[in-house]
Amino acid sequence: QVQLVESGGGLAQAGGSLRLSCAASGRTVNAYYMGWFRQAPGKEREFVAIISFSGGSTDYGDSVKGRFTISRDNAKNTVYLQMNSLSPEDTAVYYCAAGKRYGSGKDLYDYWGQGTQVTVSS
């Protein structure tokens, strides 16, 4: 089992920044690909970013490319999502996820956090 706890959400103004953290515990978390997803009210859960075991490979959803950066610190069992140039369209609950396969599909992930709310005001 892997337990994931997100933090760092809150209220930001358009154009501002937030950094989300995902603290992982349980099995060897550096053996998992780590991803971020988000879900806005009335919408499907959307892929945001993924990072490989070592952090050497990353990928992003089209809507966040160039603005968001995913990183991980395996010594701290923590994954981060740096979000810059935020817009109201980024408002959503953000979820951290862990999986054994690399990809953007929700079904590839075995463990999920409880989510953290990000609200961006215009």
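Just so it is clear, the values below take in all heavy atoms, side chains as well, and ignore hydrogens, waters and symmetry mates. Keep in mind it's a predicted model, so treat the numbers as computed, not measured.
The shortest heavy-atom contact between Arg38 and Ala92 is CB-CB, 3.8 Å. In this structure, Asn84 and Ser17 approach most closely via the heavy-atom pair OD1-OG, 2.9 Å. When all heavy atoms are compared, the tightest approach of Gly8 to Leu18 is O-CD2, 4.1 Å. Here the closest heavy-atom approach between residue Tyr102 and residue Ile51 is recorded as CE1-C, 4.5 Å. Thr78 and Ala23 get closest at one heavy-atom pair: OG1-CA, 4.3 Å.
In this structure, Arg67 contributes its side chain and Ser85 its backbone to a donor-acceptor pair below 3.5 Å. The backbone N or O of Thr116 lies less than 3.5 Å from no partner atom in the side chain of Glu6, so there is not a single donor-acceptor pair. Put simply, the side chain of Thr119 never gets that close to the backbone of Thr91: no donor and acceptor are under 3.5 Å apart. Judged purely by atom type and a 3.5 angstrom limit, Tyr109 uses its side chain to pair as donor or acceptor with the backbone of Gly103. Using modelled atom types, no side-chain atom of Gln114 and backbone atom of Val5 make a donor-acceptor pair closer than 3.5 Å.
Looking only at side-chain heavy atoms (C-beta outward), Tyr95 and Lys106 stay at 4.5 Å or farther from each other. Cys96 has its side chain within reach of Trp36: a pair of non-hydrogen atoms, C-beta onward, lies under 4.5 Å apart. Residues Lys76 and Ser21 are not in side-chain contact: their nearest non-hydrogen atoms beyond the backbone lie 4.5 Å or more apart. By the 4.5 Å heavy-atom criterion applied to side chains, Met83 and Asp90 are not counted as neighbours.
Applying the ring-ring contact (aromatic ring centres under 6.0 Å, His included) test to every pair with at least one member in residues 50-84, sequence neighbours left out, gives these pairs: Tyr33-Phe53.
Taking CD1 of Ile70 as the reference point, atom CE of Met34 lies at 8.0 Å (rounded to 0.5 Å).
Other residues, nucleotides and ligands contribute over 12 non-hydrogen atoms within 6.0 Å of the NZ atom of Lys100. For Gln117, the CD atom is densely surrounded, since the number of other residues' heavy atoms within 6.0 Å is greater than 12.
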